[in-house]
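See below for the structure under consideration.
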Protein chains: 2
Amino acid sequence: MSFLARNKQIILYGIALALFLFLLKWLEMRYVVADEELDVYIGIIALIFTGLGIWLAYKLRKPALQTVVIEKEVYRSDFTLNETEAKRLNLSKRELEVLQLMAEGLSNQEIAEKLFVSLNTIKTHSAQIFEKMEVKRRTQAVEMGKRLSIIP
Amino acid sequence: MSFLARNKQIILYGIALALFLFLLKWLEMRYVVADEELDVYIGIIALIFTGLGIWLAYKLRKPALQTVVIEKEVYRSDFTLNETEAKRLNLSKRELEVLQLMAEGLSNQEIAEKLFVSLNTIKTHSAQIFEKMEVKRRTQAVEMGKRLSIIP
DNA sequence: TGCAAAATCACCCGAAAGTATTACCGGAAA
DNA sequence: TTTCCGGTAATACTTTCGGGTGATTTTGCA
């Protein structure tokens, strides 16, 4: 990258500044500034240079980035709980919860820890689930649960 | 949010500006500005207000937004074997077969009978599968297998 | 307010799952 | 030819799961 390209903004600002000063000098000469008009004159200059500063800041500063994370679900946004089947199986809220965690591959112990209950409780729930779903193993329960769209 | 809080920056800027103007007026009166010094005086004001503009811009500017979309992988309804993942996991044909039967909810004993091999063989295969898939249980293996579209 | 269902927990026991190690065979690759 | 890998299998052991039973506490609802 050349010197010119690297310092483009600064050079442009310098040129602009120079032009402004010329303009001001010209204005000053044209309408010889009376003392009582000095305040207004200074006010105008203050405004112009404030604007210049703002412009400069916008040009020179690298934009601050704020990262916004959007989670996008690719497939299977089409899961809708099969109310009919869910009702037919008559699984309680807790049982459904346990079934879901089973489907994630958690052991009874892990499920117990996650739900802050004892291992025995989870065993009771799972036994209930197997009975209601008429299956013998957790793998079958999960398989059936997914097939019937009771769990994602 | 109150009016004061909402417009804090603007009010602060207004106060700062007022103070500056007082200061300038005072300076002007103190060292009665001679005509030949007017340029220097204006230059100083220009510099000050340029700085003020820059400061203002920094304060007021909202950070640009950067959007990051994270794709969350989930189940797909239409099954097509994911060759890439299947190859990466490096499961043998027999292991894949066992994994599939696992996914159907069969016990090791049932899988053994179905494939006409011993229970121990199935255990060996399943251990291999778990190691390759880096999981601990058959349920996790099935879950991962479905998620990676290695099994329907 | 009282009852039925749900949720909780415990204990026992056998079955199934999983771990670790070893071993043998046959085909493919080095 | 030797080595490596997949498939098979066994032994021995540990952990987890699931069945059965009983009991207490919560809770939602009539």
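All chains are named by letter (A, B, ...) in the order of the sequence lines, taking the proteins before the strands, and each is independently numbered beginning at 1.
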**Prompt:** B:S92 side chain: which of C:dA17, D:dG7, D:dT11 is closest?
**Reply:** D:dG7
**Residue A:S107, side-chain heavy atoms: nucleotide from D:dT16, C:dC9, D:dG18 that is nearest** = D:dT16
**Request:** Measure from the side chain of A:F130, starting at C-beta and using heavy atoms only, and say which of C:dG18, D:dG19, C:dC11 lies closest.
**Result:** D:dG19
**Fill in**
Separation of C:dT8 atom P from A:I122 atom CD1, nearest Å, is 7 Å
**Prompt:** For DNA chain D, whose closest nucleotide is more 5', that of A:V135 or that of B:K132?
**Reply:** B:K132
**Request:** Between C:dT8, D:dG18, C:dA7, spot the one nearest the side chain of A:V117, thanks.
**Result:** C:dT8
**Fill in**
Considering only heavy side-chain atoms of A:A127, the closest of C:dT8, D:dG19, C:dT19 is D:dG19
**Message:** Which residue is it: B:I122, B:I151, B:L115? I am looking for the one with a side-chain contact (heavy atoms from CB on, under 4.5 Å) to B:L101.
**Reply:** B:L115
**Prompt:** Can you tell me if the side-chain N/O atoms of A:N120 get under 4.0 Å from OP1 or OP2 in C:dC9?
**Reply:** no
**Complete:** Residue pair B:R94/A:L106 against DNA chain D: nearer the 5' end by closest nucleotide is B:R94
**Message:** Would you say A:S126 places a side-chain N or O within less than 4.0 Å of OP1 or OP2 belonging to D:dC17?
**Reply:** no
**Message:** For a quick test of reading the model: is some side-chain N or O of A:S118 closer than 4.0 Å to OP1 or OP2 of C:dA10?
**Reply:** yes
**A:K93 side chain, from C-beta outward: closest of C:dA17, D:dT11, C:dA7** = C:dA7
**Prompt:** Out of D:dA10, C:dT8, C:dC11, which has the shortest distance to the side chain of A:H125?
**Reply:** C:dT8
**Message:** I want to check one thing: is the phosphate of C:dA17, taken as OP1 and OP2, less than 4.0 Å away from some side-chain N or O of B:R138?
**Reply:** yes
